[in-house]
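Shown next, in structure tokens, is the structure this report addresses.
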Protein chains: 2
Amino acid sequence: MKDILERLKDKGVSLTPQRMAIAEFLSKCKNHPTADEIHKVLQAKYPTMSLATVYSALELLKELGEIQELSIRKRGKACFDPNPDIHHHLLCKKCGKILGMEFDYPRTCPIIAQDTINGCKIEEVQAYLYGICSECLKKESDKKG
Amino acid sequence: MKDILERLKDKGVSLTPQRMAIAEFLSKCKNHPTADEIHKVLQAKYPTMSLATVYSALELLKELGEIQELSIRKRGKACFDPNPDIHHHLLCKKCGKILGMEFDYPRTCPIIAQDTINGCKIEEVQAYLYGICSECLKKESDKKG
DNA sequence: AGAAAAAAATAGAAGAATTATAATCTTGAA
DNA sequence: TTCAAGATTATAATTCTTCTATTTTTTTCT
Ligand SMILES: [Mn+2]
Ligand SMILES: [Mn+2]
Ligand SMILES: [Zn+2]
Ligand SMILES: [Zn+2]
């Protein structure tokens, strides 16, 4: 499969150093960073990069379907997901992390497998699971011994 | 069942006119208003009511478990749900309305009925369904004739 | 009821995230 | 290389929410 920079090139996007850095950072990113988290990390390499550039690159990548913005927010800030496909997330009540979940929610759920509920046409489902992540569970059980 | 004002009284909350107005408005409300929507409506009756009062009353009602704040936002604004129980929502792609959904998602969805997934403990599930509401569907079919 | 204390409402300022603007710089085509 | 179009930057503006100081209302106590 082509990597993100090739796809952007194919789509006629001009590949500036800032955009490349943001796209590459996201493609290697395993969590759900906010705009300022991305900005802070990349400033080490690109000291002049502005937050406005990060926002505008994220907007572009969103429009191109390379990433998505989540509905949930981390401390009031928008979170971006390097994976543009609809999938589900767990918010850990202990550590606040947002984890992507692999299972296929809609297809395994009969009521959602229908495409109409209460007279409404369902096109996509995004579930937010609230709970405790495996790391925090481990810490808890370690404490109890 | 007791109404919201009685419950607030039982909990020792002082029932000021503003709080009563906000609580009663919410108890009769069938959708998911933002703070400023509530404020606009109530200003007709209470011209001096400030937006800060609305926010603080909402915070109080949230803490008391009388309402909940949704994870999703309407045009960047927080949405409040008069129903404090976990349930699911449809966001209409056409009109932008947020509709409460009645069905019991977790129990009808086998994978979610488990309380552990990927080593994470699941305590609550909120599903956001993206699609088209019944009203908008009707409008569409009317147009097509 | 009336006075004092506590709590709440208000107006406005402050804060934080995001978006818009204008100037400067870069890119890429001719 | 030249030049127009587009991107980045710094800064200002905007929007939503929270905070603060002051005023007003409610509650408590006599
Ligand atoms: Mn994800
Ligand atoms: Mn609801
Ligand atoms: Zn955790
Ligand atoms: Zn609709």
Side-chain angles (χ1 to χ4, degrees), chain A residues 5 8-25 32-64 66-81 96 98, chain B residues 5 8-25 32-64 66-81 96 98:
Chain A
L5 295 184
L8 293 177
K9 204 176 173 186
D10 289 353
K11 287 172 180 171
V13 172
S14 68
L15 291 178
T16 64
Q18 293 89 339
R19 282 180 181 170
M20 287 193 278
I22 293 165
E24 288 202 303
F25 173 82
H32 303 89
T34 62
D36 73 302
E37 282 167 0
I38 298 169
H39 183 230
K40 274 209 191 77
V41 171
L42 296 182
Q43 267 201 325
K45 219 175 170 183
Y46 300 85
T48 68
M49 185 184 288
S50 82
L51 186 53
T53 300
V54 175
Y55 274 109
S56 90
L58 288 169
E59 189 57 39
L60 180 72
L61 294 173
K62 246 166 65 181
E63 280 165 13
L64 296 173
E66 292 287 341
I67 64 171
Q68 66 174 315
E69 184 177 341
L70 299 185
S71 313
I72 38 173
R73 333 194 101 214
K74 205 156 52 177
R75 293 179 301 275
K77 292 173 207 161
C79 295
F80 297 86
D81 194 325
I98 300 172
Chain B
L5 296 184
L8 292 177
K9 204 176 175 186
D10 289 353
K11 288 173 180 170
V13 172
S14 66
L15 292 178
T16 63
Q18 293 89 340
R19 282 180 182 171
M20 287 193 279
I22 293 165
E24 288 200 303
F25 172 81
H32 303 88
T34 62
D36 73 302
E37 283 167 0
I38 298 169
H39 183 232
K40 274 208 192 79
V41 170
L42 297 181
Q43 267 201 324
K45 217 176 172 184
Y46 300 85
T48 68
M49 185 184 288
S50 83
L51 186 54
T53 301
V54 175
Y55 273 109
S56 92
L58 288 169
E59 190 57 37
L60 179 72
L61 294 172
K62 244 166 65 181
E63 280 166 12
L64 295 172
E66 294 287 340
I67 64 170
Q68 65 174 316
E69 184 178 340
L70 299 185
S71 313
I72 37 173
R73 334 194 100 214
K74 206 157 48 177
R75 293 178 300 275
K77 293 173 206 162
C79 295
F80 297 87
D81 194 325
I98 299 172

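The chains referred to below are lettered A, B, ... by the order of the sequence lines, with proteins before strands, and numbering in each begins at 1.
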- B/Met49 CE to C/dT10 P, straight-line distance once rounded to whole Å: 6 Å

- Give A/Pro17 one of three labels, base, sugar-phosphate or nothing, depending on what nucleic acid heavy atoms sit under 4.0 Å from its own. sugar-phosphate

- Item | Check: A/His32 and A/Ile72 side chains under 4.5 Å, non-hydrogen atoms | no

- OP1 or OP2 of C/dA8 less than 4.0 angstrom from a side-chain nitrogen or oxygen of B/Ser14, does that happen here? yes

- Query: Between C/dA7 atom P and B/Leu60 atom CG, what is the distance in whole Å?
  - Reply: 13 Å

- Value rounded to 0.5 Å, distance of NZ in B/Lys62 from CG in B/Asp81: 12.5 Å

- Shortest non-hydrogen separation from A/Leu61 to A/Ile22 and the atoms involved: CD1-CG2, 4.3 Å

- Please check if atom NZ in A/Lys9 has more than 12 non-hydrogen atoms from other residues, nucleotides or ligands closer than 6.0 Å. no

- chain A contact limits on DNA chain D, taken 5' to 3' with a cut-off of 4.0 angstrom to heavy atoms: D/dA7 to D/dA10

- d(CG, B/Leu58; P, C/dA8) in whole Å: 15 Å

- Item | Validation row: A/Leu60, A/Arg19 side chains within 4.5 angstrom (heavy atoms) | yes

- Query: How close or far is atom P of C/dA9 from atom CG of B/Leu51, stated in whole angstroms?
  - Reply: 13 Å

- Item | Nucleotide C/dT19, atom C1' - distance to CZ of B/Arg75 in whole Å | 17 Å

- For A/Ala52 and for B/Thr53, locate the closest nucleotide of DNA chain C by heavy-atom distance; then report the residue assigned to the nucleotide nearer the 5' terminus. B/Thr53

- d(NZ, A/Lys77; C1', C/dG15) in whole Å: 13 Å

- Task: For A/Ala78, report the nucleic acid contact type (base, sugar-phosphate, nothing); a contact means any heavy atom under 4.0 Å.
- Result: sugar-phosphate

- With a 4.0 Å cut-off on heavy atoms, is B/Thr34 in touch with a base, just the backbone sugar-phosphate, or nothing at all? nothing

- Item | Whole-Å distance separating the CE atom of B/Met20 from the C1' atom of C/dA9 | 14 Å

- Message: Both B/Gln18 and B/Gly76 contact DNA chain D. Taking the nearest nucleotide for each, which residue is further toward the 5' end?
- Response: B/Gly76

- Task: On DNA chain C, check which nucleotide each of A/Leu15 and A/Tyr55 is closest to and give me the residue with the more 5' one.
- Result: A/Tyr55

- Which heavy atom in A/Met49 sits nearest to a heavy atom in A/His39, and how many Å separate them? O-NE2, 2.8 Å

- Message: Expressed as a whole number of angstroms, how long is the span from B/Leu61:CG to C/dA8:P?
- Response: 12 Å

- Could you tell me whether A/Lys74 and A/Glu37 make a salt bridge, using a distance below 4.0 angstrom between a side-chain N and a carboxylate O? yes

